[in-house]
Participant: 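Would you mind keeping the following structure in view while I ask a few things?
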2 protein chains.
Amino acid sequence: MRSAEITKDGHLASFGNLAMSSLSAPSSLGSLAGIRVIDLTRVISGPFATQMLGDHGAEIIKVETVGEGDVVRRQGNMINGFSAYFAQFNRNKRSLTLNLRSERGRRILASLLEGADVLVENYRPGVLASMGLDDETLRQRYPRLVVGRINGFGSSGPYRDRPAYDFVAQAMSGFMGVNGEAGGVPMRAAPPISDMVASLNLAFGVSAALVRRERTGQGEIVETALTNGLVAMMGYLAAEYFATGEVPKRTGNDHPMLYPYGLFTAADGEVAIAPSSETMVMRLLTALGQQQLLEDPRFDSNDKRMQHREPLRERLNSVIGQRTVAEWITQLNEAGVPCGRVHDIAETFEDPQIQHQQMRLELDQGEVGHITTTGFPVKMREAPAAVRCPAPQLGEHTDEILEELGIGAEERRALYDQGVI
Amino acid sequence: MRSAEITKDGHLASFGNLAMSSLSAPSSLGSLAGIRVIDLTRVISGPFATQMLGDHGAEIIKVETVGEGDVVRRQGNMINGFSAYFAQFNRNKRSLTLNLRSERGRRILASLLEGADVLVENYRPGVLASMGLDDETLRQRYPRLVVGRINGFGSSGPYRDRPAYDFVAQAMSGFMGVNGEAGGVPMRAAPPISDMVASLNLAFGVSAALVRRERTGQGEIVETALTNGLVAMMGYLAAEYFATGEVPKRTGNDHPMLYPYGLFTAADGEVAIAPSSETMVMRLLTALGQQQLLEDPRFDSNDKRMQHREPLRERLNSVIGQRTVAEWITQLNEAGVPCGRVHDIAETFEDPQIQHQQMRLELDQGEVGHITTTGFPVKMREAPAAVRCPAPQLGEHTDEILEELGIGAEERRALYDQGVI
């Protein structure tokens, strides 16, 4: 066990390095302390969701198949035999192996649910019901339980039984269709964004349902789907489509409604510049010594600049090319123009702000050694997120958890022999 | 007011069309019923977060500048003078105009906070403190208040005062760096993904803090940043980088670790196909009548297929090109291979599954007419999300809300005359 809450210099890790001296000592327990989650999920969407809950204090019992466990344990790069990919999504969980195809395994799951606040699953629709846990049974047996569920397309509708995968959800949600070069092909985002947006939606939905449960005593069934989550992210592009009937075009790194905006070429690389108002455009051109361009009839309004993008882009690049990325970032930020470096991942984690915000976390994986993961995106002042335990070995806590359920050593040996645990 | 909860045929709108006959009637109140949110946010990240809370039953009071309001009210396409973009992010809110630069305006805000559960803001760090509401003051005056905050880079650290914008956050988080064609430039996602991921993180964080507040009576300060949210979305790409020190390369629509996977060319367009395991690859090749390829020494393992992508891609396209997208989608889904059409936005909202899941919502904006927005990504069975009211006109509820605070008609007239409201 290792706490990431208080750093060497007495600052609160998960709220950046903001000095906390004038405030009370933070609780080490997290906002969701006392909430017990039974986690039947695997791969990304479910595990990232339950990790968010665990980072913020919920107790997570990850139920895995006997002998195999989450398929991600065997994927990606291994550090002393332990998957870095698995570690990224499974800190703050205990692992219990359980054969849910056996009657005894299901009885153990039932015992776990008796003492649980939340059940999370990302099976295909119908699989949990086939284990005897259809919605009506869950509701009657565990009236206070919040059930969280992620699937590809939703648990009803013509595609409910289709196999789902992030790339397909990116394609079908319209998300890929707006990304990519003008005139090029639809382009996915490289991270599995539909999985991870579903994770955030589920973490929100489960927490909101817990607020209601605290107030009414009633459980809930919360569901989100990979496609639905990305559709909701279409935001203003969807709004413009609904308003005009026109399908938004791919515009690469250019903004469909603003110019100047995008990547520009400095002496030693590219710089991202995004003035979002006329005031900011004025600040940008002034900082570049090009304020006279606003008097040029080709460039004196946003609409005209959109029509004459290429000559303006050329003109701006001819100035921006005279100095380095670092010089422009300093100068433009001082002028109040949003801008920044286009980081690769290595540069991101070397960036002083990202480091200050502790977006890189080291997990002490015991015998495996240290494994680095991304940090906490949600910072809390009083009850901050923390690393309470690293990602578990397969079945590492099977004995401990069964002991808590009152299943003694002898019975456990029999269950091992029968392949139930 | 218009409820989206029960459709004409008696089904529960926000849980897809799943028949609810065997379950109890759902509550019309939403999970966060009884939670009052004072919303000082504007543009996207804050308004999308508070809309999530409002969709699930929280009461949202949107505080806007007198005479102007949220800048988004003047952006994008107008429907009878009302911004479709604003409607997309501001349903389920009431609007109060208030001059927070005036002493009286601040006293009214203080009265609102006395009766509130949550305050949400997305100012630059320090702006709220400059209005007299620094963290210590908030904590002492409103010990039960949950304060939610979104900013660009975090409220501490070297970049805390920099102006932020989605494009810059996409660049600095490493997100753009992994997107785009192999050999091409780093490519943003077209939707403002850093804003909207921050929204989801904040909706989660505020809800988790409310769970703790229900249990301990204590308030919280919750913060998320555009950059931090996207850094956490780097997920397994970050894990692979941490494990190997190698920066992930851009691979366009190809998966860096799997093949076949990606876009393939059918007779009438492109089809997204994503088999994620050896079993699924076997199913795909069998469905294509090409199972013999797995005996070809160039293609008999995933590693070898990665090395010989182009000949395999050519071979698969030569078969896939013989039938239509629709034929392949039917056939491959039946074979258990994840696949789908690459939709543009229009096709997304015409898709029968997206329609079944009611991911398109019509708001009745009164005199303005109907405005269409995206639907609810989080479905709840007992206390579902619903449209309780459409997006408000600027200051539409100023009188009503001040009346609730005990400020009578005469005093309100004076406040109007003084420009306080």
Side-chain angles (χ1 to χ4, degrees), chain A residues 16 18 31 56 77 84-85 88 154 156-157 159 162-163 165 167-168 171-172 174 177-178 186 189-190 200-201 203-205 207-208 210-212 214 221 223 228-229 231-232 236 238-239 241-243 247 272 274 333 338 340 342-346 348 353 356-357 359 372 374 377-379 381, chain B residues 16 18 31 56 77 84-85 88 154 156-157 159 162-163 165 167-168 171-172 174 177-178 186 189-190 200-201 203-205 207-208 210-212 214 221 223 228-229 231-232 236 238-239 241-243 247 272 274 333 338 340 342-346 348 353 356-357 359 372 374 377-379 381:
Chain A
L18 190 62
S31 294
H56 289 277
N77 236 275
Y85 177 1
Q88 168 69 24
S156 68
Y159 306 166
R162 286 191 180 182
Y165 199 75
F167 185 67
V168 174
M172 293 175 65
V178 293
L200 299 183
N201 274 314
F204 160 64
S207 301
L210 285 170
V211 172
R212 177 167 172 273
E214 290 296 317
I221 296 180
E223 177 175 310
N228 293 348
V231 168
Y236 81 89
Y241 162 68
F242 290 133
V247 170
N333 273 305
V342 187
H343 286 151
D344 66 28
I345 282 186
T348 294
Q353 181 72 20
H356 181 95
Q357 291 284 318
M359 288 310 295
T372 308
T374 57
V378 178
K379 317 291 192 189
R381 183 175 292 260
Chain B
L18 189 64
S31 294
H56 289 277
N77 235 275
Y85 177 0
Q88 168 70 24
S156 67
Y159 306 167
R162 286 191 180 182
Y165 199 75
F167 185 66
V168 174
M172 292 176 65
V178 294
L200 299 183
N201 274 315
F204 160 64
S207 301
L210 285 169
V211 173
R212 178 167 171 273
E214 290 296 316
I221 297 180
E223 177 175 309
N228 294 348
V231 168
Y236 81 87
Y241 161 68
F242 290 133
V247 171
N333 273 306
V342 187
H343 287 150
D344 66 27
I345 282 187
T348 293
Q353 181 72 20
H356 180 97
Q357 291 285 317
M359 288 311 295
T372 308
T374 57
V378 177
K379 317 291 193 190
R381 182 174 293 259

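It should be emphasised that the depicted structure is a prediction, and the values quoted were computed from it without experimental measurement. Proteins get letters first, then strands, A, B, ... in listed order; numbering begins at 1 in each. For the numbers below, each heavy atom of this structure counts, side chains included, while hydrogens, waters and symmetry mates do not.
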Participant: B/V211, B/N333, B/L210, B/V178: which one forms the most heavy-atom pairs within less than 4.5 Å of chain A?
Facilitator: B/N333
Participant: Can you tell me how far the CD1 atom of A/I345 sits from the CZ atom of B/F242, to the nearest 0.5 Å?
Facilitator: 8.0 Å
Participant: Within this structure, what is the CE-CD distance for the pair B/M172 and A/Q353, rounded to the nearest 0.5 Å?
Facilitator: 7.5 Å
Participant: Using side-chain hydrogen bond (donor to acceptor under 3.5 Å, both in side chains) as the criterion, list what pairs up with B/T348, not counting sequence neighbours.
Facilitator: none
Participant: For chain B, which candidate among A/A203, A/G177, A/S207, A/G229 shows the most heavy-atom pairs at distances under 4.5 Å?
Facilitator: A/S207
Participant: Do you know the tightest heavy-atom contact between A/N201 and B/L200?
Facilitator: OD1-CD2, 3.6 Å
Participant: Tell me which of these, A/G205, A/A238, A/G174, has more heavy-atom pairs under 4.5 Å with chain B than the rest.
Facilitator: A/G174
Participant: On a heavy-atom basis, which atom in A/F167 and which in B/A274 lie closest, and how many Å separate them?
Facilitator: CB-CB, 4.0 Å
Participant: Any non-hydrogen side-chain atom of A/N228 less than 4.5 Å from a side-chain atom of B/K379?
Facilitator: yes
Participant: B/V231 versus chain A, heavy atoms under 4.5 Å apart: side chain, backbone, both or neither?
Facilitator: both
Participant: If every non-hydrogen atom of B/V247 is compared with every non-hydrogen atom of A/A346, which pair is closest and at what distance?
Facilitator: CG2-CB, 3.7 Å
Participant: Show the nearest heavy-atom pair for residues B/A208 and A/S31, with the distance to one decimal.
Facilitator: O-CB, 3.5 Å
Participant: Return the minimal non-hydrogen interatomic distance between B/P338 and A/Y165, and the atom names on each side.
Facilitator: CB-CB, 3.7 Å
Participant: Given that the side chain runs from C-beta out, which part of B/Y159 has a heavy atom under 4.5 Å from chain A: side chain, backbone, both or neither?
Facilitator: both
Participant: Would you name the heavy atoms of A/A84 and B/A239 that are closest together and state the gap between them?
Facilitator: O-CB, 3.6 Å
